[in-house]
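Read the structure below first, then the notes.
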Protein chains: 4
Amino acid sequence: MKTKTDRTGLRRQILDATRSLLLSEGVKNLSMRKIAAEIGCKAPSIYYHFENKAALIQALVEEGHQLLFSLMEEAVGRYTDPLQRLEAYMRAYVRFGLDNPVYYEIMFMLRADESGYDPIESFRQAKKSQAPAIEAFQEAERQGLVSTDDFIRATGAIGIMLHGYLAIILNYPENSPFQPDEMLDYIIDRVFRSHGIGGEPYKRHRL
Amino acid sequence: MKTKTDRTGLRRQILDATRSLLLSEGVKNLSMRKIAAEIGCKAPSIYYHFENKAALIQALVEEGHQLLFSLMEEAVGRYTDPLQRLEAYMRAYVRFGLDNPVYYEIMFMLRADESGYDPIESFRQAKKSQAPAIEAFQEAERQGLVSTDDFIRATGAIGIMLHGYLAIILNYPENSPFQPDEMLDYIIDRVFRSHGIGGEPYKRHRL
Amino acid sequence: MKTKTDRTGLRRQILDATRSLLLSEGVKNLSMRKIAAEIGCKAPSIYYHFENKAALIQALVEEGHQLLFSLMEEAVGRYTDPLQRLEAYMRAYVRFGLDNPVYYEIMFMLRADESGYDPIESFRQAKKSQAPAIEAFQEAERQGLVSTDDFIRATGAIGIMLHGYLAIILNYPENSPFQPDEMLDYIIDRVFRSHGIGGEPYKRHRL
Amino acid sequence: MKTKTDRTGLRRQILDATRSLLLSEGVKNLSMRKIAAEIGCKAPSIYYHFENKAALIQALVEEGHQLLFSLMEEAVGRYTDPLQRLEAYMRAYVRFGLDNPVYYEIMFMLRADESGYDPIESFRQAKKSQAPAIEAFQEAERQGLVSTDDFIRATGAIGIMLHGYLAIILNYPENSPFQPDEMLDYIIDRVFRSHGIGGEPYKRHRL
DNA sequence: GATGAATGAGCGTTCATTCAT
DNA sequence: AATGAATGAACGCTCATTCAT
């Protein structure tokens, strides 16, 4: 029986409080003291669970990558048609960013020296999450649904586009210079068109 | 070391030193004292020329928007064929970002509360720079070179894509997860393909 | 309005307060905050006058070396007989240490990494202060009062002895394991004896 | 029984790790956590074996005094000629300091409030180690080899000199302002000369 | 015997900014 | 037009130590 029920998992509390503070105040204004204040513990306690501030953010980054990976796998797994899988991937990726702005920002929008997270490792993780899209592309090609032979680059280009979309929305959440939903539809549409074949660009079963 | 004879000299020096420091040390490590030290004056002197740090960065942002605008106009002006104008626009936009990473970052990658610059005003400026691309699209449509009727959104989507491209390269300059040049060619190619018509997707005279 | 009188020379106040705190609490317990509190200013103000803690201590070390130098010159200058000059040097050196324990400690008893002062520079300064003793030795030899040809080493050995004497007294000010005054007389006596010639070891006119 | 071995084991490990850390990082940078990390245990475990940091250092100081005592006895015991015994004492004392800088520093160069060790007790111990030198002096006098009647003070003066020598070398190990070996020979020589008798200062059989 | 968890106190330092001059 | 001097607020972090387990 635990007497300190409200103290259970300070490590978890720290991570959550950090996410919450990052969301409300941004990376620049995150401080160990504020995190501690948010939880009700003292700043040095954080150092028991994390070596330093960078390690704390790094832990969040890793959580983010794991979540992203599982979400991408799950999203793609809902469909069998490769183009649907691809669209599902794109939409789920965007959803991940919109639902988890803090994760997305520290994963992909923070300079390495600010997050303390090795960017190479970050991209290695990101590539793992891209795999479902690459495989979907491959399968689509095999089925003659798209004309592309450079699946990796094609997926990279999609990632770039979705990153641009998310980066703008997340950076200016209240002042997005475009209609997010309509723009996303438009973007996805253009992606498919760009891989279309002749007059019948793609045999796409819309989600 | 410049002399202090020039009246407007210090203001200019401050702006230049700020850009230089932002380039070498990043936004996070920029401080009024460092700027002053770089120039050889004292921190309070900066306050004579700029109300505060935010105003200083804002001045740089405005400079950046002016430069971007003139570069975009100039780039498009070199061609008459609308698709060439469009491609020139895209390439010049990317070039602007790569050549002026500091401008690009404070213009489009800094949160409003960090730059102190009104994001709405920022997008108003950005839209001005997008005008040449929009007009090129319109003309291309008029000439039957592309099948698009939503020129603004199409241009927005291009901006999103190029922003994603630049954001990644600028954020991880030494660890870009793709080959910048080849990816840029690929992206531009896909943009045109996505607006192609039937079996002959576009009549594009490559630059 | 704060008059110039009570604010004059915060830099000087900082140095004095630092010396005072070093005396009462030791190097280990010196902190920028305590210095500030002693004076009545705030810790950051110290940083206007000294780059950091090491620079502050270094400034004191330099002061100490200057004081030592002038005291040694002055002490030796009071006599013409070289052996008297030598004795005066030794007694004045000890007096400097006893009167200025803080100076002595930071000059000669602090590890380089604690004082932030280059030990080589420190010894260069110390050697300057040793010059009067070396010259006295030389003159004593010329006059046939002592039999020594290695004046530098002889002076070095004296310095070592006096340092041992001071280091013990200063480290255990209340518990010195010997009678300071008598021991000093004894030491000086032995120094002269060790340089004596035959049965009439030295022609010394006691001070 | 395994328990007993373990019990004394960690205590011993703590002492050794502390010595090692003191050697490599200095007193200032010694911390309970670092000691624990060095061993592979946690900081609170140290408190099972030592009441606090001061007690831990005190234990080392005591070890040092024991070692010094046995080394001095042993060194002097190798000779029968009292002057040789005296020289052996001096050389062994210096050797102890050079070979065991950490012991020497915490025994004789640390302020009482830093070591937590009663300085009076410290000097009581130190005097025990001086006994062989005092006795050698007495015997030398008895044999007419030196002219001294204050053996205790004479030995004290020697201790002061050797302490000065060691304090400088240990404090500036890389920047000693004199040649250690030659200076030691010189010092020992002067000690004997200072106790010499008339034209034939001492009948010393060099070691 | 040892540790997981936590904390109060404190550290050196940096910062944007102010204001009298 | 610029600066000398100062400050309130905060920062990341380390420390010796405690205490329940």
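Source: prediction; values computed, not measured. Sequence lines set the chain letters: A, B, ... in the order given, protein chains first and strands last, and positions in each chain run from 1.
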| message | Is the shortest side-chain heavy-atom distance between C/Asn171 and D/Leu110 below 4.5 Å? | response | no
C/Leu10 atom CG is separated from F/dT7 atom P, nearest whole Å, by 8 Å
Under 4.0 Å, counting only non-hydrogen atoms across every strand here, what does D/Ser31 touch: a base, just sugar-phosphate, or nothing? sugar-phosphate
A/Ile14 atom CD1 is separated from F/dC13 atom C1', nearest whole Å, by 15 Å
Next on the checklist: Using only modelled atom types and a 3.5 angstrom limit, is any donor from either the side chain of C/Arg33 or the base of E/dG10 paired with an acceptor on the other?
Outcome noted: no
Taken to the nearest whole Å, CD1/B/Ile57 to P/E/dC15 is 14 Å
Nearest-nucleotide check on DNA chain E, A/Lys42 vs B/Met32; residue mapping nearer the 5' end is A/Lys42
Subject >> 4.5 Å side-chain heavy-atom contact, B/Ile35 and B/Ile39 >> reply: yes
note: B/Lys28, atom NZ; F/dG12, atom P; distance rounded to Å ~ 9 Å
When rounded to whole Å, the CD to P distance for the pair D/Gln13 and E/dA2 reads 9 Å
Got A/Lys34 and A/Glu25 here, is their nearest side-chain heavy-atom distance under 4.5 Å? yes
note: C/Arg11, atom CZ; F/dG4, atom P; distance rounded to Å ~ 15 Å
Taken to the nearest whole Å, CZ/B/Phe50 to P/E/dT18 is 16 Å
Whole-Å distance, C/Tyr47 OH to F/dC11 P, equals 17 Å
Winner on side-chain proximity to B/Ser45, out of E/dT3, E/dT17, F/dT3, is F/dT3
Measuring to OP1 and OP2 of E/dA6, would you say a side-chain N or O of A/His49 lies under 4.0 angstrom away? yes
Exercise for the section: Would you indicate, yes or no, if E/dA5 has its OP1 or OP2 atom less than 4.0 angstrom from a side-chain nitrogen or oxygen of A/Tyr48? Expected result: yes
Any heavy-atom pair between the side chains of A/Gln125 and A/Glu121 that's under 4.5 Å? yes
Would you say the rings of A/Phe108 and A/His65 are close, in the sense that their centroids are separated by under 6.0 Å?
yes
Closest to the 5' end of DNA chain F, once D/Asn52 and A/Asn52 are matched to their nearest nucleotides, is A/Asn52
On DNA chain F, more 5' by nearest nucleotide between A/Glu51 and A/Asn29 is A/Asn29
Over all strands shown, is C/Leu56 touching base, sugar-phosphate only, or nothing at heavy-atom distances under 4.0 angstrom?
nothing
- Item | Side-chain heavy-atom pair D/Leu30, D/Lys53 within 4.5 angstrom cut-off | yes
With the side chain defined as heavy atoms from C-beta on, B/Lys34 is closest, among F/dT17, F/dA6, E/dC15, to E/dC15
Below 4.0 angstrom from OP1 or OP2 of E/dG12, is there any side-chain N or O of C/Lys53?
-> yes
A correct dot-bracket answer for DNA chain F, with pairs being Watson-Crick or G-U at under 3.5 Å, [ ] for crossing pairs and | for inter-strand pairs, is .||||||||||||||||||||
With sequence neighbours left out, the residues meeting ring pair (Phe, Tyr, Trp, His ring centres under 6.0 Å) with C/Tyr117 are none
Testing F/dA6, F/dT3, E/dT17 for proximity to the side chain of B/Ala43, the answer is E/dT17
When we call it a touch if two heavy atoms are under 4.0 Å apart, what does D/Leu30 touch: a base, just sugar-phosphate, or nothing?
-> sugar-phosphate
Regarding B/Glu63 and B/Arg19, does a basic nitrogen lie under 4.0 Å from an acidic carboxylate oxygen? no
Of E/dA16, E/dG8, F/dA5, the nucleotide closest to the side chain of A/Pro44 is E/dG8
